[in-house]
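I have placed the structure first, in the form of structure tokens, so that the comments after it can refer back to it.
Excluded from the calculations below are hydrogen atoms, water molecules and symmetry mates; all remaining heavy atoms, backbone and side chain alike, are included. Convention: sequence-line order gives letters A, B, ...; per-chain numbering from 1. Predicted, not measured: the structure shown is a model, and the values here were computed from it.
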Number of protein chains: 2
Amino acid sequence: MALEHAILVSLLEKPASGYELARRFDRSIGYFWTATHQQIYRVLKRMEDDGWVDARDVPQQGRPDKKEYSVADLGRAALSSWLHDPIEPESVRHDLAVKIRGAAFDDPTALIREVERHRQAHRDRLAHYLAGQARDFTGPKAPTAGAQAPLDAERELQHAVLRGGIAYERMMIDWLDDVLATLARFGPGR
Amino acid sequence: MALEHAILVSLLEKPASGYELARRFDRSIGYFWTATHQQIYRVLKRMEDDGWVDARDVPQQGRPDKKEYSVADLGRAALSSWLHDPIEPESVRHDLAVKIRGAAFDDPTALIREVERHRQAHRDRLAHYLAGQARDFTGPKAPTAGAQAPLDAERELQHAVLRGGIAYERMMIDWLDDVLATLARFGPGR
DNA sequence: TCCTTCTATGCAACTCGTTGCATAGCAAGC
DNA sequence: GCTTGCTATGCAACGAGTTGCATAGAAGGA
């Protein structure tokens, strides 16, 4: 399980309330990890009980108070220990792949619209990533003085993960094009 | 949930016992869907109760008897209905991406070995896929007579899914190369 | 004024998925 | 004779994740 660790990383990047974390999980972090607000609140409570995070009540104007969490020493230690622990390469779950193989026992051409829909979703996400990349990762880079110029690890690694997301979406779009071409060969009649 | 549907597809391709299904889920189907034998036995029992599959006791020599399942009419109907139902584009879960972003708050270079390990796992899987492709999807294709020659939908779609797996592994290997280059830039000292 | 939407947190119930363990027959090697 | 390993099925317990619902203040539009 790594929801705790994903939350720790997110809180290290910037302290937040459960609600704000949930929105981050709908956005940037959600690109490689999803979680509902329910899960987040439950896990945050457990993490607070375990002393991984500190909570601080923040009164707000014009909206309900929030509890802002930040990472405590124990949380940092837990993250570090997890980082040094090897994990198994992820196992994949692709509903769409099941559908594509299943289509052989139904009408393959009926799947075309569905695959097109998914391709569009991946195109949208790709556009979103590319916009984020242009916004956050272009312009003045690290000072070009010495070869050993200090690099901002946080920023560099966020960019590396984003490049992974971009590569993934491009791969998916290409593959779905391939699938559509395969489906088209079965012709309208059948 | 689509474990039921993955099982239906697998049983349509070839009837099997729970044990055999579990092994398939470790192999070809496992490339895009994983399941333990526990899950499979439980779901199979439910599917049998619901009339989706028929069970048949098969006595064997030199090994325990097995229960061979095949898809019933109700199961075919359930699969067809699911195939016509739109599904949400999958949400991703990438432990490794969490680790990479988290490495910014620890020692980034300590992650190099882990990333290399994952890259090797993806290389192994790619080699496995390519071998499977060479074995099952080369040689005599559909008769090249007419443009409208009858295609074997099952085989064509299995191949399309396999091509997806190959594209995925290639993408991952390239991305992990990219990540390693990024990590290397932080240098041995820190 | 009422209705909807947004921020913000949370409980309860349920399903899904994993882990550990148990059973049982047979084969192969030490 | 004993252990190990493979086929084959299954229970029990737990942990992870989802869905539905509840509360509550404030903003904004019909």
Which nucleotide in [options] has an atom nearest any side-chain atom of [X]:
X	options	answer
Q38(A)	dC11(C), dA12(D), dT9(D)	dC11(C)
R42(B)	dT7(C), dT7(D), dA13(D)	dA13(D)
K67(A)	dC11(C), dT18(C), dT9(C)	dT9(C)
R93(B)	dC11(D), dG10(C), dT18(D)	dT18(D)
Y19(A)	dG10(C), dT7(C), dA16(D)	dT7(C)
R46(A)	dA8(C), dA16(D), dG10(C)	dA16(D)

To the nearest Å, give me how far apart [atom1] ([X]) and [atom2] ([N]) are.
X	N	atom1	atom2	result
Y41(A)	dT19(D)	OH	P	18 Å
D65(A)	dA26(D)	CG	C1'	13 Å
I40(A)	dA8(C)	CD1	P	14 Å
K66(A)	dA26(D)	NZ	P	17 Å
L3(B)	dG17(D)	CG	C1'	16 Å
D57(A)	dA8(C)	CG	P	13 Å
E20(A)	dT9(C)	CD	C1'	13 Å
K45(B)	dT15(C)	NZ	C1'	18 Å

Check the phosphate of dT9(D) against S17(B), side-chain N and O only, distance under 4.0 Å to OP1 or OP2. Yes or no?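 Indeed, a polar side-chain atom of S17(B) lies that close.
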N/O (side chain, T36(A)) to phosphate O (OP1/OP2, dT19(D)) under 4.0 Å: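 False: T36(A) side-chain N/O out of range (4.0 Å or more) of dT19(D) OP1/OP2.
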Please find the pair of heavy atoms, one from T34(A) and one from F25(A), that lie closest to each other, and give the distance.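 Closest approach of T34(A) to F25(A), heavy atoms only: C-CD2, 4.2 Å.
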In terms of hydrophobic clustering (I, L, V, M, F, W, Y; side-chain heavy atoms under 4.5 Å; direct or indirect links), are I112(A) and L83(B) co-clustered?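 Both belong to a single hydrophobic cluster.
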With a 4.0 Å cut-off, would you call E20(B) and K66(B) a salt bridge?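 Salt bridge between E20(B) and K66(B), a charged N being under 4.0 Å from a carboxylate O: yes.
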Do E154(B) and R101(A) meet the salt-bridge criterion of a basic N to acidic O distance under 4.0 Å?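 Not counted as a salt bridge, because no side-chain N and carboxylate O are separated by less than 4.0 Å.
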Under 4.5 Å between any side-chain heavy atoms of L11(A) and W52(A), yes or no?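 Not touching, per the 4.5 Å side-chain cut-off.
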Considering heavy-atom distances to DNA chain C, does T34(B) or E68(A) have its closest nucleotide positioned more toward the 5' end?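 Mapping each residue to its closest nucleotide by heavy atoms, the 5'-most match is E68(A).
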More 5' along DNA chain D: H37(B) or A35(A), using each one's nearest nucleotide?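 Here H37(B) is the residue nearer the 5' end.
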